[in-house]
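Computed from a predicted structure; not experimentally measured. Side-chain atoms are counted along with the backbone in the values below, which use heavy atoms only and exclude waters and symmetry mates. In this chain, numbering begins with 1 at the start of the sequence shown.
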Amino acid sequence: MAFTPYHNILGATARDNELVAIGDTLKKSIKAIQITNIDASALATISLYLYKGSTDTTPEETIYILHEVIMPYTTSLLLDNPSILGFDNTNYSLHMEVGASDEIDVILST
């Protein structure tokens with residue numbers, strides 16, 4: 001699968017906003033994630049997490065990097081710690097959940 005570094009996310013529910021899929025071809029690991037609230041009418045609530053579906057022998061896993069963080073309009077959040085962002089996407093996918101009426105831009109830097 002192809003890796004997409006730029007995402008515009010309109011309000012949705014959990015696991016609908018997949019940023020990096022299991023098996024996406026990454027030339028390098030993710031070095032930084034910039035998240036920006038571009039919804040002029042509201043605060044945005046975001047969660048960023050790793051997800052691994054269940055199998056016959058392992059249960060489903062959700063590992064939160066950010067959980068229900070509230071961002072005012074025009075603010076950005078930069079995550080640039082390689083020990084947090086260096087996950088193995090052969091087993092986990094990266095997802096973002098936002099509030100139902102929120103609009104967020106996400107840039108993934110490799």
Going by the rule side chain to side chain donor-acceptor pair (under 3.5 Å), which residues pair with [X] if we only count those two or more places apart in sequence or in a different chain?
X: Thr74; answer: none
X: Ser76; answer: Thr36
X: Asp39; answer: Ser41

Spatial distance of atom [atom1] ([X]) from atom [atom2] ([Y]) [nearest 0.5 Å]:
X: Phe3; Y: Thr110; atom1: CZ; atom2: OG1; result: 5.5 Å
X: Ile46; Y: Asn17; atom1: CD1; atom2: CG; result: 11.5 Å
X: Ile70; Y: Thr75; atom1: CD1; atom2: OG1; result: 11.0 Å
X: Tyr92; Y: Ile63; atom1: OH; atom2: CD1; result: 4.0 Å
X: Thr45; Y: Glu68; atom1: OG1; atom2: CD; result: 7.0 Å

For [X], check side chain to side chain contact (heavy atoms under 4.5 Å, CB included) against everything at least two apart and list the hits.
X: Asn81; value: Ser83, Ile84
X: Pro59; value: none
X: Ser93; value: Glu18, Ile22, Tyr51, His95
X: Leu78; value: Ala32, Gln34, Asp80

Specify the closest pair of heavy atoms between Met71 and Leu77, including all atoms of both residues, with the distance to one decimal.
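Here Met71 and Leu77 meet closest at CE-N, 3.9 Å.
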Restricting to non-hydrogen atoms, name the atom on Asn8 and the atom on Ile38 that form the minimum distance, rounded to 0.1 Å.
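Heavy atoms only, the tightest pair is ND2-CD1, 3.4 Å.
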Among Val98, Leu10, Ile9, Asn37, find the one that has a side-chain contact (heavy atoms from CB on, under 4.5 Å) with Glu103.
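Option passing the side-chain contact (heavy atoms from CB on, under 4.5 Å) with Glu103: Leu10.
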side-chain contact (heavy atoms from CB on, under 4.5 Å) partner of Leu94, the single match among Val106, Leu85, Ile33:
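Going through the options one by one, the only one that passes is Ile33.
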For residues 57-83, which residue pairs pass the ring-ring contact (aromatic ring centres under 6.0 Å, His included) check, not counting sequence neighbours?
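Residue pairs passing ring-ring contact (aromatic ring centres under 6.0 Å, His included), neighbours aside: Tyr49-Tyr64, Tyr64-His67.
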Is Val69 close to Ile35 at the side-chain level, that is, under 4.5 Å between some pair of heavy atoms?
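No, side chains not in contact.
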If you link I, L, V, M, F, W and Y whenever their side-chain heavy atoms are under 4.5 Å apart, who else ends up in the same group as Tyr6?
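ILVMFWY cluster around Tyr6 also holds Ile107.
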